[in-house]
Amino acid sequence: MKLVRNLLWLVACVMLLVSAPAAFAQEKTGSKAGFTLKPGTVRIVLMRPTIRVGSQSAGGVITPNAEWSANAREYIAKALKAQQDKLGNVVVDYDEGVTKDGAVVTQYSNLFGALADSVIEYQFFPGNRLPTKKRKGSFEWSLGNGLANLDSLKGADYALFINTYDGYGSAGRKMLQLFAAMGGISVISGVHWGHAGLIDLKTGELVWLNADRQMGGDLRTEDGAVKRVEQLLKGFPGQAAPAAPAAAPAAPAAASTATEASK
Amino acid sequence: MMKNAFAAVCAVSLLSAGAASANSLVAPGAHSGVAKSSIATTSTGEWNKLSRTDGPGVEVWTRDGDSLNKVSFFGGIGGGLPIYRERNKKEAPLPKVTANMLLPDIPVLLESTYRSQYQVNKFSLESQDIVTIEGKQAIRFTYSFVRSDDEVERKGEAIGSIVKGKLFMVTYEAPAIYFFDKDLQDFRKMAETLKF
Amino acid sequence: MSFCRRFSAVLPGIAALALAGAAHAVEPAAPVLPTYTAAYQPQTKDERGIWMEADEDERVLRDSVLLMRDEGLNAYVRQVLCREVGEDRCRSVRLYIVEVPQFNASMAPNGTMRVWTGLLLRVQNEAELASVLGHEFAHFELRHSLAGIKARRDAASLAAWIGVLSAGAANIGTGGAGNGSTLQLAVLGNYFKFSREQETAADLLGLQYMAKSPYDPAAASQIWQSIMAEADARSVARGLKPGREYKAAFFGTHPPSPERAAYLKAEADKLGKRGELRAQEYREAIRPFLPRLLAAQIRSNDFGGSEYLLQTLSATEGWTGDLLFARGELFRQRGNPRDLVTAADLFRDAIAKGYANPEAHRELGLSLMRGGQEADGKAALREYLKLKPDANDGNVIKMLVGS
Ligand SMILES: [Zn+2]
């Protein structure tokens with residue numbers, strides 16, 4: 001149908017327009033001033049990743065999809081396992097064991113999500129950066145030192161939190177994006193949030209964070225999950241050597257835009 | 001059909017307009033005209049004033065972002081108005097300020113607003129007391145709540161009063177873990193120097 | 001069923017209504033209740049994935065701050081489920097009560113059943129609660145969350161899209177930025193959207209449970225009727241057209257609720273069985289939690305829906321102190337001059353009926369004072385302070401009394 005084809009074409013154009021400026025405007029990684037980690041010196045606990053995948057309605061509401069989430073969880077777990085021993089330090093999965101830390105750890109995990117998102121919004125995004133976060137080299141974020149008291153984290157030096165939250169735009173959402181662009185506003189179709197953050201368990205400080213609201217890698221596929229995990233752990237502190245040059249040469253943003261547009 | 005779509009797009013433009021200018025630094029010291037109103041206070045330490053507004057009579061200060069610490073100034077919300085801009089007037093209208101509200105009605109208004117606006121399904125009012133601001137009585141209350149979108153437990157402390165039929169209020173809210181205590185003293189100092 | 005899908009994020013307060021439906025050709029009398037195979041284990045890779053996901057959700061749910069952990073309440077709701085589906089089936093369920101004031105319940109394929117507190121406030125008796133829980137269990141027994149996994153996701157038509165757009169416009173631009181993480185959103189919701197056929201199948205199997213249970217099958221239709229009536233009352237009070245909540249939202253891809261209520265009634269009649277409603281028992285069991293459930297409803301800024309609910313709740317035991325108090329609060333919060341008069345009358349009524357909660361005097365006093373009746377108002381507030389000398393708002397009330 002001609003109308004549909006035209007619409008699709010327009011949608012593609014709009015997606016280019018909308019995503020282009022966002023692609024270079026935003027920082028995606030940060031670390032505490034002077035923070036370094038030597039390989040083979042510390043023990044890192046990988047907290048249970050929070051993984052949600054759903055579809056985004058025209059109204060922007062994301063309805064989680066169990067099948068996609070289940071696949072993503074499996075693929076990400078696999079990709080993380082593959083990365084785990086390349087991270088330079090011992091990385092073990094979190095285990096609540098016989099402690100009753102579950103509820104508290106869940107609160108910390110929720111709080112980490114809010115913290116990471118705050119870093120994206122108020123530090124990584126220059127147009128919206130808080131004046132107090134603008135000072136040169138400043139990266140001061142913390143969860144407080146309460147984690148140090150948890151029995152289930154005894155003996156560990158750092159906690160690695162990982163969240164992904166993906167909503168794949170429905171046809172309706174993509175059309176809305178088109179209409180909105182005609183009115184001169186940008187509406188993003190699809191949400192692809194990802195956070196990977198390292199917390200120093202003694203101080204609670206966020207010493208390293210990779211975070212973005214438009215991450216690459218389609219979590220509904222195994223390859224996509226590998227790509228996402230690579231992006232999440234890119235530049236992870238304490239890696240021995242700048243590990244074997246990651247598969248494809250950079251510029252993932254441009255690449256994914258092109259792929260979307262050509263559909 | 002097209003008319004609907006057009007209206008919706010207009011709604012979108014209205015909503016996203018106004019989120020343009022940058023956040024600004026709030027230096028330590030005396031500030032007046034807060035929330036475009038008669039609110040004045042003296043702050044210790046630096047804060048950031050968000051360019052985003054949640055309503056015409058609201059100003060938000062933060063240190064680390066409004067989901068981590070948030071001081072909201074409500075600068076004289078008149079009778080018949082909600083304290084925030086309504087997200088969905090038809091389906092999820094907000095309660096309105098009334099000129100004859102009594103001090104104990106203020107926390108109830110806040111709770112009811114949060115339940116509608118932020119999907120707060122759990123809210124508890126913990127303490128209430130009377131304080132005096134420039135010789136005028138105000139209610140000081142503490143509370144805790146959970147928003148369903150992030151399930152982070154947050155605590156709040158607020159001072160509110162009805163002056164000439166309008167609601168003046170300052171709230172401080174932050175996650176119960178770490179953040180609430182971190183800036184509480186600075187908020188209290190602001191509260192002590194508050195003028196409505 | 002509409003319990004089976006979350007969209008309160010779009011239209012808080014209407015939650016369940018929209019998906020209501022499953023009409024079409026309903027086959028005559030469903031077959032007899034099949035024997036239940038307990039402890040089903042996932043067979044395929046897809047199934048294992050979904051199970052794992054449900055396990056992870058349950059882990060998060062178990063640690064959620066929104067969980068109602070009261071053992072008595074949990075045991076009671078479970079007991080209603082067990083009477084409905086029988087002990088065998090009941091054993092495969094782990095039940096959780098979540099503090100969300102909307103009408104909803106759901107069940108995941110690993111046996112996790114979620115019941116929202118808004119459901120507990122809305123059902124009138126055990127039979128209605130049983131019918132909802134039974135319907136959810138039927139989805140579980142029929143393994144619906146797995147059946148349609150491959151071929152779902154129908155493309156939205158342009159017409160549907162325009163509908164979504166106008167309905168959702170008010171939410172656009174508020175999501176994303178500045179609202180913190182929404183990672184946990186899913187925890188309260190339900191992943192599984194069922195087809196119309198699955199809804200019908202779950203309704204029919206649900207009725208089969210009811211037929212074997214002590215409960216009255218007519219309750220299945222009744223709950224839908226009151227949910228629709230509540231939605232209408234809410235719409236009317238907000239100056240909107242009645243029926244829009246459950247008709248407009250899903251644009252005919254799901255037939256409106258009235259049809260569902262009708263075929264549930266027809267099917268129940270065919271069973272030719274009358275059973276128990278156990279309304280009084282339900283009221284007794286919920287009583288300790290009623291003030292909390294009512295307070296959440298009253299503060300949801302939904303005058304019409306709340307008023308409807310209170311009227312319905314008064315049907316079983318008449319106007320109890322709890323209900324009078326809540327209704328007084330409802331009017332006091334709306335706060336028009338005549339509302340304050342009504343509120344004061346309601347609080348006086350509650351007190352006259354022996355409602356022991358000192359707050360009744362507080363609320364009476366505040367209503368009177370706000371309505372300009374200073375002397376009577378102060379007297380009521382003094383009474384409150386006398387009854388509750390260590391009230392956490394003592395100083396505020398003392399200030400109003402002027403002492
Ligand atoms: Zn159903």
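Computed from a predicted model, the values in this text were never measured in an experiment. Note on naming: letters A, B, ... go to the chains in the order of the sequence lines (proteins, then strands), and numbering restarts at 1 for each one.
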Neighbour count above 12 (heavy atom, 6.0 Å) for A/Arg43 CZ: no

Rounded to the nearest 0.5 Å, what's the gap from CG on B/Leu68 to OG on A/Ser118? Could you check? 4.0 Å

By residue number, those in residues 141-151 of chain A with heavy atoms under 4.5 Å from heavy atoms of chain B are A/Trp141, A/Ser142, A/Leu143, A/Gly144

Nearest non-hydrogen partners of A/Pro131 and B/Asn23, listed with the distance: CG-O, 3.6 Å

Taking non-hydrogen atoms and a cut-off under 4.5 angstrom, which of residues 169-185 of chain B neighbour chain A? B/Pro175, B/Ile177, B/Tyr178, B/Phe179

Return yes if a side-chain donor-acceptor contact under 3.5 Å exists between B/Asn48 and A/Thr132, otherwise no. yes

Set of ring-ring contact (aromatic ring centres under 6.0 Å, His included) partners for B/Phe74, sequence neighbours left out: B/Tyr84

With only heavy atoms counted, which part of A/Gln123 is less than 4.5 Å from chain B, the side chain, the backbone, both or neither? neither

Would you say that A/Leu130 contacts B/Leu50 through its side chain, given a criterion of any heavy-atom pair below 4.5 Å between the two side chains? yes

Who pairs with A/Glu205 by salt bridge (Lys or Arg N to Asp or Glu O under 4.0 Å), at least two apart in sequence or on another chain? A/Lys32

Might you work through the side-chain hydrogen bond (donor to acceptor under 3.5 Å, both in side chains) test for B/Asp66 and A/Tyr122, ending with a clear yes or no? CA-CA 9 Å; B/Asp66 54 329; A/Tyr122 293 116; 2.9 Å; yes

Residue A/Lys133 excluded, over 12 heavy atoms near NZ under 6.0 Å: yes

Got more than 12 heavy atoms from elsewhere within 6.0 Å of NZ, B/Lys136? yes

Could you check whether atom NZ of A/Lys154 has more than 12 heavy atoms from other residues, nucleotides or ligands sitting under 6.0 Å from it? yes

Around atom NZ of B/Lys49, are there more than 12 heavy atoms of other residues, nucleotides or ligands at under 6.0 Å? no

Is the number of heavy atoms from other residues, nucleotides or ligands within 6.0 Å of CD (B/Glu126) greater than 12? yes

With no hydrogens and no angle check, is any side-chain donor or acceptor of B/Glu151 less than 3.5 Å from a backbone partner on A/Gln107? no

Provide the closest heavy-atom pair for A/Ala114 versus B/Ser67 in the form atom of the first, atom of the second, distance. O-OG, 3.8 Å

Which atom of A/Leu111 lies closest to which atom of B/Val152, heavy atoms considered: N-CG2, 4.0 Å

Answer yes or no: are there more than 12 heavy-atom neighbours, outside A/Lys134 itself, under 6.0 Å from its atom NZ? yes

